[in-house]
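Before any comments, here is the structure.
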Amino acid sequence: MKTIVVGSTGGVGRELVKHLVNSPYYQSIILPVRKPLEDWNSFSEQQKSKMKIIIEENFDFLGDPKEDLEKIFGTEKIDSLFDCLGGSYLNNDDLRKVDKTYAIYCAEICEKLNINHFSIISTNKASPDSSSVYNRIKGEADEEILKKNIKYIDIYRPGVILGRPNAGCLEKFVGSFVCCCANVTATNLAKAMMINDINIHKPAGELSELEDGYKKINRNSDINNIAANNEVKFD
């Protein structure tokens with residue numbers, strides 16, 4: 001399988017990359033980044049061989065026309081796109097750009113390049129009617145994404161994401177007082193995202209016979225249950 005991970009250097013994105021390079025199901029992992037992670041240097045040569053790192057100054061290119069996107073990502077069939085971008089600590093303008101504009105661009109890439117599975121991390125309180133700017137922007141993005149012509153869409157709405165190396169002070173403070181079963185860890189969220197993607201694309205997979213138009217909102221219990229089932233064995 002061939003996939004794109006946008007936001008691969010963030011707290012969940014870096015965990016997702018670890019899962020993907022260890023999975024026998026993925027042969028090519030496209031990683032648009034501003035700067036590669038130093039942690040990737042410790043990967044084996046086999047793991048590194050799966051990675052195609054694309055250096056971009058910013059992510060405005062995600063909104064480029066199909067012809068330009070094909071020059072960046074190639075013309076070979078891509079199976080899935082994961083959007084792990086997040087900007088809860090940005091100012092409102094940058095927050096809207098990262099969590100709505102770029103998110104919609106990613107969904108439109110799936111339409112332009114005929115990628116049949118789009119996965120994105122939202123938040124458990126996402127709503128276009130929320131009084132919180134962050135939750136409202138996430139809700140607006142989700143609403144627009146669900147209208148896109150993509151065969152399979154998974155939106156992940158976790159609560160507090162525990163164990164992210166780049167977590168802010170507030171998140172770490174809250175995480176020290178909450179029960180893990182009521183929230184999710186970054187690695188379990190990443191694992192659940194990958195498992196759903198694999199199951200959709202496996203010929204005899206659990207979700208492989210779903211009809212076009214599959215759109216699912218995955219909450220804490222869904223994420224933790226998928227991760228706990230350990231459906232994927234790494235070779």
Side-chain angles (χ1 to χ4, degrees), residues 1-10 12-13 16-17 20 23 25-34 36 50-87 93-122 126 128 137-157 190 193-194 196-202 205 207-208 210-218:
M1 289 169 58
K2 185 175 184 178
T3 190
I4 301 171
V5 181
V6 179
S8 59
T9 61
V12 177
L16 179 58
V17 171
L20 295 174
S23 170
Y25 293 104
Y26 294 88
Q27 288 76 48
S28 179
I29 305 157
I30 304 172
L31 305 170
V33 295
R34 296 182 186 89
K50 296 183 176 185
M51 302 165 65
K52 180 182 178 181
I53 298 172
I54 300 171
I55 307 297
E56 292 288 340
E57 185 176 343
N58 60 60
F59 286 163
D60 291 348
F61 81 94
L62 295 171
D64 286 353
K66 176 181 178 180
E67 294 76 15
D68 294 332
L69 292 170
E70 287 180 335
K71 292 176 183 177
I72 295 170
F73 296 123
T75 56
E76 292 184 7
K77 171 64 178 173
I78 299 171
D79 300 289
S80 56
L81 191 156
F82 298 94
D83 179 4
C84 300
L85 288 173
D93 289 340
D94 289 339
L95 180 66
R96 183 168 292 276
K97 176 180 253 191
V98 170
D99 283 330
K100 183 176 180 181
T101 302
Y102 288 165
I104 292 172
Y105 282 171
C106 285
E108 290 172 347
I109 288 174
C110 292
E111 292 181 310
K112 294 172 184 176
L113 302 185
N114 195 28
I115 299 170
N116 66 14
H117 186 208
F118 179 51
S119 301
I120 184 169
I121 302 170
S122 184
I137 289 173
K138 284 289 195 181
E140 290 171 356
D142 290 356
E143 194 173 67
E144 289 299 314
I145 287 165
L146 289 170
K147 297 175 184 176
K148 298 299 182 182
N149 184 26
I150 305 170
K151 189 172 182 180
Y152 304 120
I153 296 175
D154 273 299
I155 295 178
Y156 294 84
R157 289 186 175 174
M193 294 173 75
M194 183 186 72
N196 273 345
D197 187 44
I198 291 172
N199 283 338
I200 280 173
H201 289 99
K202 284 171 64 177
L207 306 178
S208 61
L210 288 175
E211 296 180 358
D212 294 8
Y214 159 93
K215 304 179 193 302
K216 184 180 179 185
I217 305 294
N218 299 274

Would you list the atom pairs, donor with acceptor, under 3.5 Å between side chains in residues 141-150 and any protein atom, with sequence neighbours excluded?
from	atom 1	to	atom 2	distance (Å)
D142	OD1	S122	OG	3.4
D142	OD2	S122	OG	2.7
D142	OD2	R157	NE	3.2
D142	OD2	R157	NH2	3.0
K148	NZ	E108	OE2	3.1

Answer yes or no: is there a side-chain heavy-atom contact under 4.5 Å between Y25 and M194?
no
I'd like to know whether M193 forms a side-chain contact (heavy atoms from CB on, under 4.5 Å) with N218, so could you lay out the CA-CA distance, the side-chain angles of the two residues, the decisive distance to 0.1 Å, and finally the verdict.
CA-CA 10 Å; M193 294 173 75; N218 299 274; over 6 Å; no
Can you find a heavy atom in the side chain of L81 that is under 4.5 Å from one in the side chain of L113?
no
Distance check, rounded to the nearest 0.5 Å: D83 atom CG versus S8 atom OG?
11.0 Å
Atom pair OG1 (T101) and CG (D94), whose distance is rounded to the nearest 0.5 Å:
10.5 Å
So how far is it from I137 CD1 to R96 CZ, rounded to the nearest 0.5 Å?
4.0 Å
Are there more than 12 heavy atoms of other residues, nucleotides or ligands under 6.0 Å from atom NZ of K77?
yes
Cut-off 3.5 Å, side chains only: do D79 and H117 have a donor facing an acceptor?
no
Which pair of heavy atoms, one from L20 and one from K50, lies closest together, and at what distance?
O-NZ, 4.0 Å
Considering only heavy atoms from C-beta outward, does the side chain of E56 approach that of L62 to under 4.5 Å?
no
Results of side chain to side chain donor-acceptor pair (under 3.5 Å) for Y105 - residues two or more places apart only
none
May I ask you to decide if I121's main-chain N or O and K138's side chain share a donor-acceptor pair within less than 3.5 Å?
yes
Is the backbone of M1 close enough, under 3.5 Å, to the side chain of Q27 for a donor and an acceptor to pair up by distance?
yes
Just say parallel, tilted or perpendicular for the rings of Y26 and F82, cut-offs at 30° and 60°.
tilted
Would you say that D64 contacts K71 through its side chain, given a criterion of any heavy-atom pair below 4.5 Å between the two side chains?
no
Any P36 side-chain heavy atom under 4.5 Å of I55 side chain
yes
Of all heavy-atom pairs linking I29 and V5, the shortest is CG2-CG2, 4.2 Å
How far apart are the closest heavy atoms of C84 and G7, and which atoms are they?
CB-O, 3.7 Å
Quick check for you: to the nearest 0.5 Å, what is the distance between I30 atom CD1 and I78 atom CD1?
4.0 Å
Closest approach of F59 and P32, non-hydrogen atoms and distance?
CZ-O, 3.4 Å
Can you name the nearest heavy-atom pair linking M51 to V17, along with the distance?
CE-CG1, 4.5 Å
For a quick test of reading the model, state the closest non-hydrogen atom pair linking C110 to F118 and the distance between them.
SG-CB, 3.7 Å
Gap separating the NZ atom of K151 from the CD1 atom of I115, nearest 0.5 angstrom:
14.0 Å
Distance from F73 atom CZ to I109 atom CD1, nearest 0.5 Å?
4.5 Å
With K97, which residues qualify under salt bridge (Lys or Arg N to Asp or Glu O under 4.0 Å), at least two apart?
D60
Hey, does I120 have a side-chain heavy atom less than 4.5 Å from the side chain of C106?
no
Hey, are the side chains of V12 and Y156 touching, using non-hydrogen atoms and a 4.5 Å cut-off?
no
